[in-house]
Q: 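Below you'll find the structure I mean.
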Amino acid sequence: MTTLKAVRGTRDLLPAETGLWNRIEATARQVFARYNFGEIRTPVFEDTTLFARGVGEETDIVSKEMYTWEDRARAQSEKTQSLTLRPENTAGVVRAYIEHKLGETGQLQKLYYIGPQFRRERPQRGRYRQFSQIGAEVIGPVSAGSESPLRDAEVLEMLATLLDELGISGWVLKLNSVGSATDRPKYIETLRAALLPVVGQMCPDCQRRAETNPLRVLDCKVAEDQPFIDALPKIADSLDQASRDHFAQVCAALDAAGVPYERDHRLVRGLDYYTRTTFEFTHGGLGAQNALLGGGRYDGLSELIGGPKAPGIGFAMGEDRLVLTLQALESTKITLLDTKIDAYIAPLGEAQNPAALQLARELRRQGLSIELGDGSFRLKKSFEAADKVARAIILLGEDEAQSGILTVKQFSSGMQTKVARADLAAHLTASRI
RNA sequence: GCGGCUAUAGUUCAGGGGCAGAACGCCUGUCUGUGGCACAGGAUGUCGUGGGUUCGAUCCCCACUAGCCGCCCCA
């Protein structure tokens, strides 16, 4: 019989790793709360149409990376429906915003999510077929200020804070504006025209991109192409006055808040819905998948999927990549090592097992983390087992059971003391430091 | 989807056409209530899967699968 394994591009996260995952998520929730974001949980699968319309039919994500299937009809009256595992979460959030008429509240909606996403790409370090994103969206009617450049700047400032509090040092914020829904096609035409005479001398990928998606030419990393790319018209020059002003105000607010960023004229993003502000936080430790997070403004997305005008801005961070980055940082290793439980109870002889469970229950109910050994273990084995997981060992033998005075040894100091049962919890708590 | 590298013990890895190796970890004993050290002993495994060449394949060849690296793209 062949042994079953996790399918390609998916993986199990074992306790050694989930500790870090939980810490990241807890930090994110805490930061989001300070900025008045609330959590939203949308289904992991949606009607395929949502992604086709929202993310864009021609994007790689929709055209070749989605897990899509026909959900069969279970009755004559039912129709089959094409469903898709979500490849990203913004479309789902906007769908929920429309469906629950959140715009009718008149309030700006600040929503965050944490959860798995699915794309059928070739797996690589930092790139999995099931991966987790932590993201947030600020969306609402224009009257609620959803279009304000201050919203963009606040989101970016929040991200800088979050990365700092996670302990990720050395991130770089790259910022650009791709202009309004009318600026963008205008620029694409300008770019196409400028590429026409030179593209023949560029790399094969660029020749293809010049046809399919000229914006992506700007992303090319081939050294010989760089002079050509530098000479191309910049998108900044194709922006209308409103977009320019908007972007200038985003920058001004970031400057005032002291958030460092790099203006990157070449930053274009792969999802069709982005307008005006786009950004990326990168980190050098990630290899080819160097984007920790990406995002931008999507002023027309709601209308694209049949909703009211609801400008917004959001981002998605690759949680798997945050984990990889943090695992590479020395400080994380140190803090994660220091996660021992409060005590290990060693019953001396199997006769003490029931009493040991009783003691464990008592201490655990007082909030202590306790591991319970077994009376059949030899004392040496108990000590070895205890030292691996706990800061202290509690010996429970006949003497202790009768006297109610327990023997407690702290591993760090080697100090051994006799502690009355009633004082045990306080004693162990005090030794936490 | 394309190209490259890799796959041997729980882990990290060495090896090489003829009994499968090291280190660390694990288990036992020296040692019936005081561990970490030391000493002595022990268990590891379809050598990724399936074919082929060969008297014989873990080793050579082919295919597949998976991981990693690069491309594409993205988080």
Side-chain angles (χ1 to χ4, degrees), chain A residues 1-3 5-11 14 16 55 58-65 86-90 114-135 159 203-206 208-209 212-213 215-216 219-222 267-271 274 279-283 286-296 314-325 344 346-350 352 373 375-388 390 392-401 406-412 414-416:
Chain A
M1 192 152 83
T2 54
T3 53
K5 302 197 304 184
V7 306
R8 186 151 147 96
T10 70
R11 62 215 175 110
L14 303 178
V55 178
E58 292 81 31
T59 60
D60 277 17
I61 292 176
V62 172
S63 64
K64 49 190 188 196
E65 295 174 2
R86 63 185 184 196
E88 58 95 58
N89 218 328
T90 299
I114 298 176
Q117 319 291 335
F118 307 84
R119 293 181 199 172
R120 201 181 180 292
E121 293 186 273
R122 180 139 174 175
Q124 224 173 93
R125 181 181 169 81
R127 184 159 83 188
Y128 307 99
R129 290 182 172 184
Q130 175 179 331
F131 58 102
S132 180
Q133 287 189 334
I134 300 175
L159 284 166
C203 74
D205 277 332
C206 280
R208 179 181 51 76
R209 286 186 283 230
T212 58
N213 190 350
L215 287 177
R216 298 236 65 90
D219 255 356
C220 180
K221 286 155 203 134
V222 175
L267 180 72
V268 288
R269 303 192 44 77
L271 284 69
Y274 285 120
F279 56 88
E280 229 172 65
F281 282 71
T282 59
H283 196 276
L286 282 167
Q289 276 68 47
N290 71 344
L292 279 175
L293 69 94
F315 64 87
M317 9 193 0
E319 195 175 1
D320 307 73
R321 293 183 186 178
L322 292 177
V323 169
L324 282 173
T325 306
Y344 180 103
L348 305 180
E350 288 177 54
Q352 301 303 328
S376 67
F377 294 169
R378 223 202 269 169
L379 193 59
K380 169 177 171 160
K381 181 170 171 173
S382 290
F383 266 89
E384 284 172 352
D387 198 12
K388 274 179 196 134
I393 184 168
I394 302 170
L395 299 184
L396 178 60
E398 241 176 276
D399 297 353
E400 286 82 0
L406 291 137
T407 308
V408 180
K409 183 163 184 175
Q410 298 291 339
F411 287 114
S412 58
M415 286 257 294
Q416 183 163 313

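All values derive from a computational prediction rather than experimental measurement.
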Q: Indicate whether the side chain of A/Thr407 and that of A/Glu400 have a donor and an acceptor atom separated by less than 3.5 Å.
A: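 Per modelled atom types, A/Thr407 and A/Glu400 side chains form a pair under 3.5 Å.
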
Q: Report yes if a side-chain nitrogen or oxygen of A/Arg127 is closer than 4.0 Å to either non-bridging phosphate oxygen (OP1 or OP2) of B/C74; otherwise report no.
A: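 Result: no.
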
Q: So A/Lys64, base contact, sugar-phosphate only, or nothing? Heavy-atom distance under 4.0 Å.
A: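 Result for A/Lys64 = nothing.
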
Q: Given the structure, check if the side chain of A/Lys381 and the base of B/U28 hold any donor-acceptor pair shorter than 3.5 Å.
A: no

Q: A/Arg8 side chain N/O closer than 4.0 Å to the phosphate oxygens (OP1, OP2) of B/G67?
A: yes

Q: Which part of the nucleic acid, if any, lies within reach of A/Phe411 when heavy atoms closer than 4.0 Å are counted: base, sugar-phosphate only, or nothing?
A: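 If one applies the 4.0 Å heavy-atom cut-off, A/Phe411 turns out to touch a base.
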
Q: Could you classify B/C19 for me, syn or anti, using a glycosidic angle within 90° of 0 as syn?
A: syn

Q: Between A/Arg216 and B/C74, is there a contact of a side-chain N or O with OP1 or OP2 at under 4.0 Å?
A: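 Yes, within the criterion.
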
Q: Between the side-chain atoms of A/Arg119 and the base atoms of B/A75, is any donor-acceptor pair under 3.5 Å?
A: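 Result: at least one qualifying N/O pair found.
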
Q: Would you write out the dot-bracket form of RNA chain B, 5' to 3', with Watson-Crick and G-U pairs under 3.5 Å, [ ] for crossing pairs, | for pairs to other strands and . for unpaired bases?
A: (((((((..((((....[..)))).(((((.......))))).....(((((..]....))))))))))))....

Q: What does nucleotides 2-8 of chain B look like as a protein-contact string, B for base, S for sugar-phosphate only, - for none, at under 4.0 angstrom between heavy atoms?
A: BBB----

Q: Which part of the nucleic acid, if any, lies within reach of A/Ser132 when heavy atoms closer than 4.0 Å are counted: base, sugar-phosphate only, or nothing?
A: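 Counting heavy atoms under 4.0 Å across all strands, no contact is made by A/Ser132.
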
Q: With sequence neighbours left out, what residues match A/Arg122 under salt bridge (Lys or Arg N to Asp or Glu O under 4.0 Å)?
A: none

Q: In terms of relative ring orientation, are A/Phe411 and A/Phe383 parallel, tilted or perpendicular, with 30° and 60° separating the classes?
A: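 Because their plane-to-plane angle is over 60°, the rings of A/Phe411 and A/Phe383 count as perpendicular.
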
Q: Suppose we call a contact any N or O donor and acceptor under 3.5 Å apart; does that hold for the side chain of A/Glu400 and the base of B/G33?
A: yes

Q: Within the structure, does a side-chain N or O atom of A/Gln124 lie under 4.0 Å from either OP1 or OP2 of B/G70?
A: yes

